[in-house]
Amino acid sequence: MRFDVVTLFPDMFSVVRDLGVTGRAHGQGRWNLQAWNPRDYTHDAHRTVDDRPYGGGPGMVMMAAPLAAAVQAAQARRVADAMSPAPVILLSPTGRRFDQARAHAMATSAGAVLICGRYEGIDQRFIDRYVDEELSLGDFVLSGGELAALAIVDATVRLLPGVLNDDESAVQDSFNPALSGLLDSPHYTRPEVYDDVAVPAPLLSGHHANIARWRREQSLRLTAERRPDLIARARERGWLTAEDERFLRTLDKPA
């Protein structure tokens, strides 16, 4: 898998390339990252990549030509490296919200070309001509697409086989189908008692079925409290058992 990132700030991507589980996996050759700076594809002394918007208004707009040249260079390098051209994804607040299912889908692909915008926006003609998909992290605006791209790269790479020390770790992630798309349950480690609070008894019992049921109930409780929409979705998809539904009904009853 390879991510080609079009960005004015290539150094920002050292975070995922060099550090943590993604950095270790990059060093092992499990995935690759290439950064492409649009300023390298300009032809003036100032390496200009933005200009004033037609029609007036605040801010500056990224020009189409440097971005297009960077994308073309990235795709040409992929072909030269015996890889297929990748889908071009723009990180944008107008995009579809990125989620765990999209991360899983991306983890089974050969990667993508990620476009990190800056300033007020990007010339629409570049988007219409080159962008295959737009993705967003949520209903908020960042100074640029780099932070969103970093999150997408991290969420995807950690799902690649062998990246995590224990592949079961990803199975227990929040939003994973193995958890019916619910939030993960709370976790505890040593010491057994911290600040006068003990680890919940089921986790100390050694009884695997009781532990599994406790974790399932805590997952249901937390999701019902914080993300009831995920409960509704799991119910629509038939992911909740009769035992799950009985437990959820107890949450509606006064203590």
Side-chain angles (χ1 to χ4, degrees), residues 1 3-9 12-17 19-22 31 33 35 58-62 67 86-109 111-124 126-128 130-160 163-164 169-187 219-237 239:
M1 160 176 281
F3 283 105
D4 290 273
V5 184
V6 178
T7 172
L8 295 176
F9 300 100
M12 290 182 68
F13 289 86
S14 63
V15 173
V16 290
R17 187 190 61 231
L19 304 177
V21 295
T22 57
W31 72 289
L33 174 73
M60 303 290 277
V61 176
M62 292 191 76
L67 291 169
V88 177
I89 299 175
L90 173 64
L91 290 314
S92 167
T94 63
R96 182 172 69 87
R97 183 171 295 187
F98 182 78
D99 57 19
Q100 192 70 8
R102 187 69 182 85
H104 276 279
M106 194 172 289
T108 64
S109 74
V113 178
L114 303 179
I115 309 297
C116 302
R118 282 271 158 178
Y119 311 119
E120 193 65 23
I122 291 176
D123 191 310
Q124 186 65 36
F126 167 81
I127 298 173
D128 294 341
Y130 289 96
V131 172
D132 299 303
E133 182 181 8
E134 296 184 41
L135 290 177
S136 168
L137 293 189
D139 297 341
F140 55 91
V141 178
L142 297 167
S143 299
E146 285 80 10
L147 291 177
L150 285 166
I152 287 172
V153 169
D154 183 275
T156 300
V157 169
R158 67 188 301 277
L159 298 176
L160 297 177
V163 170
L164 300 179
S169 295
V171 175
Q172 297 302 316
D173 286 341
S174 295
F175 315 114
N176 193 292
L179 288 180
S180 306
L182 307 179
L183 301 180
D184 194 5
S185 62
H187 298 276
S219 173
L220 289 163
R221 183 192 305 276
L222 189 64
T223 307
E225 290 174 354
R226 301 186 183 180
R227 291 292 303 276
D229 58 302
L230 297 180
I231 295 286
R233 186 179 68 175
R235 185 173 286 132
E236 289 172 0
R237 297 181 178 182
W239 288 349

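Everything numeric here is computed off the predicted structure, so don't read it as measured data.
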Is there a donor-acceptor pair closer than 3.5 Å between any side-chain N or O of [X] and the backbone N or O of [Y]?
X: W31; Y: G111; value: no
X: T223; Y: I231; value: no
X: S180; Y: L182; value: no

Legend entry - Pairing residues for A148 by the side-chain contact (heavy atoms from CB on, under 4.5 Å) criterion, not counting sequence neighbours: L91, L137, L142

Legend entry - All side-chain contact (heavy atoms from CB on, under 4.5 Å) counterparts of R237, not counting sequence neighbours: R233, W239

Taking the side chain as every heavy atom from C-beta outward, state whether [X] and [Y] have any pair of such atoms under 4.5 Å apart.
X: F126; Y: V131; value: yes
X: L135; Y: M106; value: yes
X: V157; Y: V16; value: no
X: F3; Y: I89; value: no
X: L67; Y: Y130; value: no

Closest contact, heavy atoms only, [X] versus [Y]:
X: A35; Y: T7; answer: CB-CG2, 4.4 Å
X: V153; Y: L114; answer: CG2-CD1, 3.8 Å
X: A86; Y: D132; answer: O-OD2, 4.4 Å
X: L150; Y: M12; answer: CD2-O, 3.9 Å
X: G181; Y: L230; answer: O-CD1, 3.7 Å
X: S92; Y: E134; answer: OG-OE1, 3.3 Å

Inset, instruction - Dump the intermediate steps for side-chain contact (heavy atoms from CB on, under 4.5 Å) on R118 and F9, then the final yes or no. - result: CA-CA 10 Å; R118 282 271 158 178; F9 300 100; 3.6 Å; yes

Inset, instruction - Give the intermediate values and the outcome of side-chain contact (heavy atoms from CB on, under 4.5 Å) for residues I115 and I122. - result: CA-CA 10 Å; I115 309 297; I122 291 176; 4.1 Å; yes

Could you tell me the separation between the [atom1] atom of [X] and the [atom2] atom of [Y], rounded to the nearest 0.5 Å?
X: S14; Y: L19; atom1: OG; atom2: CG; value: 6.5 Å
X: S136; Y: L90; atom1: OG; atom2: CG; value: 10.5 Å
X: T22; Y: F13; atom1: OG1; atom2: CZ; value: 12.0 Å

Inset, instruction - Could you go through the side-chain contact (heavy atoms from CB on, under 4.5 Å) check for T108 and H104 one step at a time? - result: CA-CA 7 Å; T108 64; H104 276 279; over 6 Å; no

Inset, instruction - Report the C-alpha distance between I152 and R102 in whole Å, list the side-chain angles of each, state the deciding distance to 0.1 Å, and finish with yes or no for side-chain contact (heavy atoms from CB on, under 4.5 Å). - result: CA-CA 9 Å; I152 287 172; R102 187 69 182 85; over 6 Å; no

Inset, instruction - Would you mind listing every salt bridge (Lys or Arg N to Asp or Glu O under 4.0 Å) that reaches into residues 89-98, with sequence neighbours excluded? - result: R96-E133, R97-D139

